[in-house]
Each structure stands twice: as structure tokens, then as C-alpha cells.
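As the structure lists them, so they are numbered: ligands from 1, and atoms in each ligand from 1.
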Amino acid sequence: MATKTITIDDLRAHKTKESLYLLIHGKVYDVSKFIDEHPGGDEVLLAEGGQDATEAFEDVGHSDEARALLPGMLVGEFEGGAKLKSGAAEAQSKRVSNAVEQGSNMMYFLPLGLLGAYFAWRYYTGSA
Ligand code: HEM
């Protein structure tokens with residue numbers, strides 16, 4: 001079977017009970033038919049729709065029987081690779097890069113500001 005590539009948009013387009021895709025270990029599974037049978041309930045699955053469910057899936061410590069169900073629900077490989085950043089991780093890395101950016105802006109403006117202050121001081125003291 002040719003493997004389909006699932007984009008982030010595909011993944012996000014399937015997060016309702018009628019059509020639910022889960023991303024686990026870089027692969028996308030259509031769990032729509034399984035939702036009602038899931039021993040852990042439907043809500044936990046719905047909550048993972050449209051994002052990377054790997055951590056949630058592994059945290060539960062699913063049995064080999066549970067893992068054996070996965071191939072039957074496979075839709076394809078996720079285009080983004082093995083791990084999709086969670087919203088929190090994305091926000092975190094954004095915050096970090098913003099902080100770094102702000103830091104380097106300071107590095108640039110501080111000497112410039114000091115230079116400006118020096119010349120202003122020279123100008124005022126010089127003409128007095
Ligand atoms: C396609 C993906 C999944 C399959 C095939 C699956 C299958 C199963 C199966 C067969 C069980 C029974 C226990 C076992 O055999 O380990 C189970 C339990 C459970 N699952 Fe999943 N699961 C999936 C995804 C998830 C996800 C993403 C979560 C969490 C967000 C989750 C949460 C749970 C919980 C909390 C239980 C324990 C229920 C209990 O013992 O009362 N499952 N699952």
C-alpha cells in the first residue's frame with residue numbers, strides 16, 4: 001500500500017467525532033470508528049485531535065494489544081516528521097527566540113545610546 005502523506009492541515013481538518021485523526025509516533029491514524037470502543041473513553045481521544053497525541057498515548061502505557069490496533073487505522077505518514085510541537089512548546093520556543101532577539105537589540109542600542117549621550121554631553125558642555 002502506498003503511504004499517504006498527511007499534512008498539518010489534513011490533521012487539523014479531522015478533529016471531530018465523525019472524523020478524527022490522531023498523530024502518534026509520526027504516523028496518522030483514523031480513529032473515527034474506534035472512538036466509541038476506546039476503553040479510555042471518547043473525550044481523551046477528541047482532546048488529542050489535530051495535534052501530536054504521542055505523549056498522551058505513551059503516558060497511559062497502552063498494552064501491546066492496544067498497539068496492535070494501530071496498523072488497522074493507519075492513514076499515512078505525517079509530513080512534519082516524528083514529532084509535532086505542541087502549542088505550548090511552540091509558544092515556549094517563540095518566547096525564547098523573542099527574548100534572544102530583544103537581548104541582541106539591547107546589545108545594539110545600548111552602545112549607540114551611550115555614544116549619543118556622550119556627544120550630547122560634549123555638545124552642551126562645549127558650547128557653555
Ligand atoms: C489509536 C489510538 C489508541 C488506541 C488504539 C487505544 C487503545 C486502548 C486500549 C485497547 C485500551 C485498554 C487498555 C490497554 O490495552 O492498554 C486503552 C486504554 C486507555 N486509553 Fe487508549 N488508545 C488510543 C489512544 C489513546 C489516547 C490518545 C489517550 C489519551 C489521551 C488514551 C487514553 C487511554 C486511557 C486513559 C486508558 C485507560 C482506561 C482505563 O483503564 O480505564 N488512549 N486504550
How close does the nearest protein non-hydrogen atom get to atom 35 (C) of ligand 1, and which residue and atom is it? V60 CG2, 4.0 Å
Nearest protein heavy atom with distance in Å, relative to atom 3 (C) of ligand 1: F57 CE1, 3.6 Å
Close approach of I24 to ligand 1, heavy atoms, under 4.0 angstrom: yes
Nearest to atom 21 (Fe) of ligand 1 - the N/O/S atom of H38, by atom name: NE2
Under 4.0 Å from atom 13 (C) of ligand 1, is there any protein heavy atom? no
Protein residue, atom and distance nearest to atom 4 (C) of ligand 1, heavy-atom basis: F34 CE2, 3.5 Å
As an exercise, identify every atom of ligand 1 less than 4.0 angstrom from a heavy atom of M73. 5 (C)
Any N/O of S63 closer than 3.5 Å to an N/O of ligand 1? yes
Mind checking whether E48 has an N or O less than 3.5 Å away from an N or O of ligand 1? no
So that I can tick it off, tell me whether R67 and E58 are bridged by a salt bridge, with the cut-off set at under 4.0 angstrom between side-chain N and carboxylate O. yes
Starting from atom 41 (O) of ligand 1, locate the nearest protein heavy atom and write down its residue, its atom name and how far away it is, to 0.1 Å. P39 O, 4.2 Å
Give the atom numbers and elements of ligand 1 that come within less than 4.0 Å of a heavy atom of A56. 29 (C), 30 (C)
Option with minimal heavy-atom separation from atom 1 (C) of ligand 1, where the choices are D64, I35, V31: V31
Heavy-atom donor-acceptor pair, T54 side chain to H25 backbone, under 3.5 Å: yes
Go through ligand 1 atom by atom and flag the ones less than 4.0 Å from a non-hydrogen atom of A66. 5 (C), 7 (C), 8 (C), 9 (C), 10 (C), 15 (O), 16 (O)
Atom of H62 nearest atom 21 (Fe) of ligand 1 (restricted to N/O/S, atom name only): NE2
Nearest protein heavy atom with distance in Å, relative to atom 26 (C) of ligand 1: L45 CD2, 3.6 Å
